[in-house]
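Everything below concerns the one structure shown next.
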Amino acid sequence: MSKDVSHIGKVLRMTPQVTTVSIQQHSACGACHAAGLCSMSEMAEKIVEVPTSPYASYGVGDQVEVVLKASMGMKAVWLAYCIPLVVLLAVILGLMALGLAEVPAGLAGIAAVALYYLVLWLLRDRLKNEYIFTIKDALSS
């Protein structure tokens, strides 16, 4: 089983620091067993920035294979879906156990999840540094 998640993309721009790659959705995403967990299956086009390798053998317009470690993908699933669910349930069940009615407890749960996503958004630059894509190789057209 592969330890990486990869997608085929096209190099849009290259600077000495960053290579910008456009990843197109392919019909194969629908048959993929992880399509429900992968945000790539929900989008027609995704733009990713990859650190430019000083030994790059690709250029603007070339097709490349963009790779992300599978462990980073699972971490993203936890941050985006699992932790907010736990926060929502903990707040709702905790407040209802304290005797609060369902509607206020539900609204407080939604507010807690919104606060969680706000914190995640505020930490986006730090998280962006953890999710580093790489370009495995250039593909022949």
Side-chain angles (χ1 to χ4, degrees), residues 1-139 141:
M1 181 174 209
S2 175
K3 301 284 187 231
D4 297 330
V5 176
S6 65
H7 293 279
I8 304 301
K10 182 178 179 182
V11 177
L12 296 178
R13 289 181 295 281
M14 284 184 74
T15 68
Q17 295 80 26
V18 176
T19 299
T20 305
V21 180
S22 169
I23 299 172
Q24 297 291 325
Q25 176 183 348
H26 297 286
S27 59
C29 288
C32 177
H33 69 282
L37 299 175
C38 179
S39 65
M40 297 303 292
S41 65
E42 299 170 3
M43 298 181 183
E45 180 181 35
K46 173 78 174 165
I47 305 294
V48 294
E49 293 181 344
V50 181
T52 301
S53 168
Y55 308 107
S57 61
Y58 48 84
V60 175
D62 289 347
Q63 272 197 330
V64 293
E65 183 178 4
V66 180
V67 179
L68 179 69
K69 288 185 180 178
S71 61
M72 289 288 98
M74 289 307 297
K75 183 178 178 182
V77 168
W78 274 95
L79 288 173
Y81 302 113
C82 299
I83 294 173
L85 177 63
V86 170
V87 168
L88 179 71
L89 291 175
V91 170
I92 291 174
L93 296 176
L95 291 176
M96 287 180 66
L98 293 174
L100 197 62
E102 291 175 359
V103 172
L107 292 174
I110 292 170
V113 171
L115 180 63
Y116 169 80
Y117 279 120
L118 174 65
V119 170
L120 210 58
W121 181 77
L122 292 172
L123 296 173
R124 70 187 178 280
D125 290 333
R126 184 173 171 198
L127 291 170
K128 183 179 180 180
N129 292 332
E130 291 183 29
Y131 291 91
I132 298 176
F133 289 89
T134 57
I135 294 178
K136 187 173 181 181
D137 53 20
L139 305 172
S141 298

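Values below: every heavy atom of this structure, side chains too, minus hydrogens, waters and symmetry copies.
- Remark: L107 CG to E102 CD distance equals 11.5 Å, nearest 0.5 Å.
- Taking the side chain as every heavy atom from C-beta outward, V21 and F133 never approach each other to under 4.5 Å.
- Taking CG of L88 as the start and CD1 of I83 as the end, the distance is 13.5 Å to the nearest 0.5 Å.
- Taking all atoms of both residues into account, the shortest heavy-atom contact from M96 to A105 is CG-CB, 3.6 Å.
- Going from atom CG of L79 over to atom CG of L120 covers 6.0 Å, rounded to the nearest 0.5 Å.
- Pairing each heavy atom of L12 with each of S22, the nearest pair is CD1-CB, 3.6 Å.
- Summarising the geometry, atom SG belonging to C82 is positioned 14.0 Å from atom NZ belonging to K75; distances are rounded to the nearest 0.5 Å.
- The backbone N or O of T15 lies less than 3.5 Å from a partner atom in the side chain of T52, making a donor-acceptor pair.
- Here the closest heavy-atom approach between residue P84 and residue Y116 is recorded as CG-CE2, 3.4 Å.
- Expressed to the nearest 0.5 Å, how far CD of E49 lies from CZ of R13 amounts to 8.0 Å.
- Across all non-hydrogen atoms, the minimal contact from G59 to V11 is O-CB, 3.4 Å.
- Minimum interatomic distance between I92 and G109 (heavy atoms only, all atoms of both residues): CG1-CA, 4.1 Å.
- Using a distance-only test at 3.5 Å, with no hydrogens or angles considered, a donor-acceptor pair links the side chain of Y117 to the main chain of A80.
- Interatomic distance, NZ of K10 versus CD1 of I23, reported as 14.0 Å (0.5 Å rounding).
- Within a 6.0 Å radius of CZ in R124, other residues, nucleotides and ligands contribute more than 12 heavy atoms.
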